[in-house]
Protein chains: 2
Amino acid sequence: MPTPPPETAGDPVSDDVVLGALLATAHQYARRALNEALAPLNIEARHYGVLAALDRDGPASQRRLSALLDLDKSAMVRIMDELERRGLATRNRDARDRRSYAIELTPEGRRKAREGGTAAATVGDRLFGWLEPADRERLVAMLTGIARQATGPGGDRNSGP
Amino acid sequence: MPTPPPETAGDPVSDDVVLGALLATAHQYARRALNEALAPLNIEARHYGVLAALDRDGPASQRRLSALLDLDKSAMVRIMDELERRGLATRNRDARDRRSYAIELTPEGRRKAREGGTAAATVGDRLFGWLEPADRERLVAMLTGIARQATGPGGDRNSGP
DNA sequence: TATTGTTATACTCTATAACTATA
DNA sequence: TATAGTTATAGAGTATAACAATA
C-alpha cells in the first residue's frame, strides 16, 4: 500500500532518517515498477540483470556475474537455475577451468534481454527521464558516494584490499 | 560480499539500469550501516523507525504508524509484538475507538529512541554529512520525484486520490 | 458495511556454513 | 590450500487473504 513518503523538515536528526527512508522508498518503488514492466516477459528484475549483463559483456562465469551484479554466489545459482529452466541461458563447462561455467545466452535469452531492455528503458525514462542530465550525473555521484561511505570506515567488516 | 557498484557509461539503456542498481546498492548499504550502528542497542532499523516516530509524534494507532512509515499493517503487528516483548512500547486500547490501540513508548522505549537517534545521527553524518546542503536538498527532491514517478501513471495499481 | 488489528501463508532477498569437484 | 559452484538453512522484507471485534 504505497503512501507518499512522510514529509519532515528542520530536525537535525530526522533529516538523516528521512533521507534514509527516501532511499528505501525510491529503491523499492523503482524495483517494483521494473518488475511490473518485465512481468509480460515472464521475468523479474533479478533475471533481467543477468540477461543484460550477458548480452552486453558476453559469456561469463557465475562468479564473475555475481561480482558484476553484487549478488551472493548462492543467489546466482538460483537465478541461473531459473534462467536455465526457462531456456534463456545455458551452463557450459569452461574447457580451461573445469570448475567454472561459461554461461551463455540462448537465442531466446538474447531476445528476452533485448525486450527487457526496451521495457527497462520505458520505465527508466518515466522514473529518471525528467532529470536534467547534470542532475542525473550528480545523483549518480551522490549515490556512489553514499554507498562508498556506508561500506567504508566503521561500516563494513570485510572492506579489505 | 560488498563490491563497488559496476561502472558503465554512455549506453543509453544501461545508464538507467546503472542508476536503478545504484539506488539498490546505496539503500542496502545504508540500511546495513544503520543496523550495525543500532546492534549494540539490541534493535534494528524497523524498530528504530517506530520508536522514533512515537517519540516525535506521540502515541498513535498501529494503522497510523503503518501509514507514517509506509509499512504493511501485518508487518506492523510483528514489529509491535517485538517492541512489546522487549518492554519498549505498550498497546493500550483507545477509549474512543476500541478497535484501535494507542501505542505508547515505555520509559525504556523512550530511552532507546533517543539512543537510537544518536546512533542514527552518527551513521547519517558518515553517509550524508559530506554532501553540501544544496546537494542534499537536490538529492531529497530527486528521490522524492523518482518515488512519485514510480507510483504514478502506468506504475502503481492503487494510486487513487 | 467498513475499519483495526490479528493470523496464516508465501515469495523475494540476503547471508552463512558445509559440501563437491576441480585447481 | 584455494576457488567455482552447489545445497541447506535462516532471517528480513513484502504482500495477500481470511478472520474477529468494533464502529
Side-chain angles (χ1 to χ4, degrees), chain A residues 1-3 21 23-25 27-36 38-39 43-50 59-84 89 91-103 151 156-158, chain B residues 1-3 21 23-25 27-36 38-39 43-50 60-67 69-84 89-103 156-158:
Chain A
M1 180 200 311
T3 304
L23 221 40
T25 301
H27 163 223
Q28 287 168 349
Y29 288 9
R31 180 166 47 81
R32 195 178 313 169
L34 178 58
N35 277 332
E36 284 170 5
L38 293 173
I43 57 174
E44 285 168 279
R46 63 182 181 280
H47 308 116
Y48 172 65
V50 174
S61 67
Q62 288 186 191
R63 182 92 170 83
R64 177 159 156 65
L65 286 170
S66 306
L68 209 61
L69 300 168
D70 198 11
L71 290 173
D72 189 82
K73 60 181 178 173
S74 68
M76 196 58 226
V77 170
R78 268 174 297 117
I79 296 174
M80 265 309 301
D81 285 349
E82 294 169 345
L83 293 178
E84 210 172 28
R91 290 191 243 229
N92 313 299
R93 282 293 172 191
D94 183 331
R96 290 173 307 178
D97 182 347
R98 296 183 46 75
R99 293 172 306 180
S100 334
Y101 288 129
I103 309 291
T151 54
D156 192 43
R157 51 261 170 271
N158 42 350
Chain B
M1 181 199 308
T3 303
L23 221 41
T25 302
H27 163 223
Q28 287 167 348
Y29 288 11
R31 181 165 48 80
R32 194 178 313 170
L34 178 59
N35 277 332
E36 285 170 3
L38 293 173
I43 58 174
E44 285 167 279
R46 64 182 181 279
H47 307 116
Y48 173 64
V50 174
S61 68
Q62 289 187 192
R63 183 93 170 85
R64 177 159 156 64
L65 285 170
S66 306
L69 300 167
D70 198 11
L71 290 172
D72 190 82
K73 59 181 178 173
S74 68
M76 195 58 226
V77 170
R78 269 176 296 117
I79 296 173
M80 266 308 302
D81 286 348
E82 294 169 344
L83 293 178
E84 210 172 27
T90 56
R91 291 191 243 229
N92 313 298
R93 282 293 172 193
D94 183 331
R96 291 173 305 181
D97 182 346
R98 296 184 46 75
R99 291 173 305 181
S100 336
Y101 288 127
I103 308 289
D156 192 43
R157 50 260 172 271
N158 41 351

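Below, chain A is the first sequence line, B the second, and so on; all start at residue 1. These numbers were taken from a predicted model, which means no experiment stands behind them.
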Peer 1: Return the set of residues passing side-chain contact (heavy atoms from CB on, under 4.5 Å) with A102(B) (not counting sequence neighbours), or none when no residue passes.
Peer 2: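 Scan of A102(B) (side-chain contact (heavy atoms from CB on, under 4.5 Å), adjacent residues dropped) gives none.
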Peer 1: Please enumerate all residues that pass ring-ring contact (aromatic ring centres under 6.0 Å, His included) together with H27(A), with sequence neighbours excluded.
Peer 2: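 H27(B).
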Peer 1: Whole Å only: how far is the CG atom of L71(B) from the P atom of dA12(D)?
Peer 2: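 It is 15 Å, rounded to the nearest whole Å.
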Peer 1: From CZ of R31(A) over to P of dC11(C), roughly how many Å is that when rounded to an integer?
Peer 2: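 One finds 16 Å between P of dC11(C) and CZ of R31(A), rounded.
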Peer 1: Only counting residues at least two apart or in another chain, list the ones meeting side-chain contact (heavy atoms from CB on, under 4.5 Å) with A39(B).
Peer 2: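 So A39(B) forms no side-chain contact (heavy atoms from CB on, under 4.5 Å) with any residue.
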Peer 1: Below the 4.0 Å mark, does dA23(D) have OP1 or OP2 next to a side-chain nitrogen or oxygen of R96(B)?
Peer 2: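 The answer is no; no side-chain N or O of R96(B) sits under 4.0 Å from OP1 or OP2.
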Peer 1: Specify the separation, in whole Å, of atom CD1 of I79(B) and atom C1' of dG11(D).
Peer 2: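 My rounded result for the distance is 14 Å.
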Peer 1: Can you tell me how far P of dC13(C) sits from CZ of R46(B), to the nearest Å?
Peer 2: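 The distance from CZ of R46(B) to P of dC13(C) comes to 19 Å, rounded to the nearest Å.
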Peer 1: Could you give the NE2-to-P distance, from H47(A) to dC11(C), as a whole number of Å?
Peer 2: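 So the two atoms are 14 Å apart, to the nearest Å.
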Peer 1: Tell me whether the side-chain N/O atoms of R98(A) come closer than 4.0 Å to OP1 or OP2 in dA4(D).
Peer 2: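 Indeed not, no polar side-chain atom of R98(A) lies that close.
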Peer 1: Go along nucleotides 2-8 of chain C 5' to 3' and tag each nucleotide: B for a protein heavy atom under 4.0 Å from its base, S when only backbone or sugar atoms are that close, - otherwise.
Peer 2: -BSBBBB
Peer 1: Please enumerate all residues that pass salt bridge (Lys or Arg N to Asp or Glu O under 4.0 Å) together with R91(B), with sequence neighbours excluded.
Peer 2: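 Per chain and number, R91(B) pairs via salt bridge (Lys or Arg N to Asp or Glu O under 4.0 Å) with D81(B), E84(B).
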Peer 1: For the pair made of CG in L38(B) and P in dA12(D), what is the distance, rounded to whole Å?
Peer 2: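 In whole Å, dA12(D) P and L38(B) CG are 14 Å from each other.
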Peer 1: To the nearest 0.5 Å, how far apart are CG in L71(A) and CD1 in I79(A)?
Peer 2: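 Result: 5.0 Å between the selected atoms.
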Peer 1: If you round to the nearest 0.5 Å, how far is CZ of R31(B) from CZ of R46(B)?
Peer 2: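 That separation rounds to 10.0 Å.
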Peer 1: Rounded to the Å, how far apart are L69(A) CG and dT12(C) P?
Peer 2: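 From L69(A) CG to dT12(C) P: 18 Å.
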Peer 1: Quick check on DNA chain C: between D94(A) and A75(A), whose nearest nucleotide comes earlier from the 5' end?
Peer 2: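 The 5'-side residue here is A75(A).
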Peer 1: How long is the line joining CG of D70(A) and C1' of dT14(C), in whole Å?
Peer 2: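 Atom-to-atom, D70(A) to dT14(C), this comes out as 11 Å.
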Peer 1: What residues form a salt bridge (Lys or Arg N to Asp or Glu O under 4.0 Å) with R98(B), not counting sequence neighbours?
Peer 2: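 Partners of R98(B) by the salt bridge (Lys or Arg N to Asp or Glu O under 4.0 Å) criterion come out as none, since no residue qualifies.
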